[in-house]
Protein chains: 2
Amino acid sequence: MPKIVNHEQKRKLIAEAAWKIIKNEGIEKASIRKVAAEAGMSSGALRHYFSTQDEMLLFIMDYFFDAGKKRSDHKEWSKDPLKAVEEVLLELVPIDEEKKIETSVWWIFALRSLTSDALKEKKDELTDGTYVLANSMLEILTQKGILLDSVNVDLERSRLSALIEGMSFHALLRPDVYTPEMVKEVISYHLKTLCNK
Amino acid sequence: MPKIVNHEQKRKLIAEAAWKIIKNEGIEKASIRKVAAEAGMSSGALRHYFSTQDEMLLFIMDYFFDAGKKRSDHKEWSKDPLKAVEEVLLELVPIDEEKKIETSVWWIFALRSLTSDALKEKKDELTDGTYVLANSMLEILTQKGILLDSVNVDLERSRLSALIEGMSFHALLRPDVYTPEMVKEVISYHLKTLCNK
DNA sequence: TATCATAATAACACACTGTGCTAAAAAGAT
DNA sequence: ATCTTTTTAGCACAGTGTGTTATTATGATA
């Protein structure tokens, strides 16, 4: 009966338009009206696909986090498990332009989630992400038998995910001090203190 | 010749009014108009003391960070240097309501500094803060001779300040997971791996 | 092919926001 | 009492998110 347009595809089109604005002018410029203009539609039309800005933000986050995940999936990791773990963790830190944008979107989103109920759930899902990944990395090291016996895995998990998040913060705000090399060194150093080789 | 009012005092009055709003309704509600109303003046009057919102934010940050610093100065630290270091580091993590507000103001500010030139300088000063403090703590441990020789102080400084910042992030966003006890444990655990007792 | 239900789109109103500018008020010095 | 400068108030402008209402388009049905 109705006019039928591919909903999901249109949402992706909008997400791409929003991303373009975020990339070039910063996230605070990605208003509903501006994104609509960039996507070539009226703001009313955009709001037919995303009825609130938070909803749009949510979709954008998911869309580009998925893209990041896929990017990682196609990466070749080192055979050496310690090196591989190091590489995976480094993937989470914003040391290139693309990841810097993703991270700042993530921070903005996280902060907004403190006062917006609509975002709370997603925030939990995403903060759990780092935690779960840190855990996986520790499990790999355990399985390969290179994790020191003295390591308290429970605390280590919390420490590692905090360390990664903190490195992200500094890499984003102080790229002059926390250069990619320095970040890499710190992560490598941290892992060495946990392993027996 | 002119009407004379204590400029600094009025700015503090405004900062207190702003803080009240931030505390009760969140920082995004602390608009110029609302803060002015809370302080009992017109928005035009407020803008005579802070010509932009960033300027106001800047002052508020300084004012309440100073308050936090003074609060710490009046604290009694443990005699045991390791314990004392632990306590100081714990001061930086938002485990109570007051510090949570301070931290979220700080994050908002930091993120805004990425796109606002007016805030860049202050951001550097404040990110340096954690770094310098982490350094001081390591120096204390070195002086007391309890820091392990195997520790690479340069990397340790970066790691410690990232860890603290990351713990702050998690404590703010996931107080359900990163409880005060857990935060304390992780910091304590981290310090133990650096020290010989 | 004409009708009709519904999806898609557009357009407007409302209450906000930060900021620039201008006019009025207040008050100390002459 | 007058002058000068600070302080205050108020308005205008462009922008924001969101709610509501009308219009257009479309595909299935009769």
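A note on names: the letters A, B, ... follow the listed sequences, proteins ahead of strands, and every chain is numbered from 1. Only this structure's heavy atoms are used, side chains among them; waters, hydrogens and symmetry mates stay out.
Both B:Arg33 and A:Arg47 lie near DNA chain D, and the one whose nearest nucleotide falls closer to the 5' end is B:Arg33. Each of B:Ala45 and A:Asp54 was assigned the nucleotide of DNA chain D with the nearest heavy atom; the assignment lying further toward the 5' end belongs to B:Ala45.
Residues B:Val153 and A:Leu163 share a single hydrophobic cluster, defined by chaining ILVMFWY side chains whose heavy atoms lie under 4.5 Å apart.
Using bins of under 30°, 30° to 60° and over 60° for the plane-to-plane angle, the ring pair A:Phe169/A:Trp107 lands in the perpendicular bin. A tilted orientation is assigned to the rings of B:Phe50 and B:Phe59, their planes being inclined by 30° to 60°. Between B:Tyr131 and A:Tyr178, the ring planes lie perpendicular to each other; the angle is over 60°, past the 30° to 60° tilted range.
OP1 or OP2 of D:dT8 lies within a sub-4.0 Å distance of a side-chain N or O belonging to B:Lys10.
Within a heavy-atom distance below 4.0 Å of DNA chain D, no residue of residues 14-22 of chain B is found.
Residue A:Met41 contributes atom CE, which lies 23 Å from atom P of D:dT23 at whole-angstrom precision. To the nearest angstrom, C1' of D:dT7 lies 9 Å from NE2 of B:His7. If you measure from atom CG of B:Leu57 to atom P of C:dT19, you get 10 Å, rounded to the nearest angstrom. Going from atom NZ of B:Lys34 over to atom C1' of D:dT16 covers 16 Å, rounded to whole Å. Residue A:Met56 contributes atom CE, which lies 12 Å from atom C1' of D:dT16 at whole-angstrom precision. When the P atom of C:dC16 is taken as reference, atom CD of B:Glu28 falls 15 Å away, rounded to whole Å. Residue B:Leu46 contributes atom CG, which lies 18 Å from atom P of D:dC11 at whole-angstrom precision. Here the P atom of nucleotide D:dT18 and the CD atom of A:Glu55 are 10 Å apart, to the nearest Å.
Within the nucleic acid shown, B:Tyr49 comes within 4.0 Å of sugar-phosphate atoms alone, with no base atom in reach, counting heavy atoms only. Residue A:Lys29 is out of contact with every strand shown, counting any heavy-atom pair closer than 4.0 Å. Among the heavy atoms of the strands, none lies under 4.0 Å from B:Ser43. Base contact: B:Ser42 has a heavy atom under 4.0 Å from a base atom.
The side chain of B:Gln53 lies closest to C:dT19, out of C:dT19, D:dT18, C:dA8. Of the candidates D:dT18, D:dG17, C:dA8, C:dA8 carries the atom nearest the A:His48 side chain, counting heavy atoms from C-beta on.
The backbone N or O of B:His190 sits nowhere less than 3.5 Å from a side-chain atom of A:Arg159 that would complete a donor-acceptor pair.
Across every non-hydrogen atom of B:Glu185 and A:Leu155, the tightest pair is CB-CD2, 4.0 Å. Pairing each heavy atom of A:Ala162 with each of B:Met167, the nearest pair is CB-SD, 3.6 Å.
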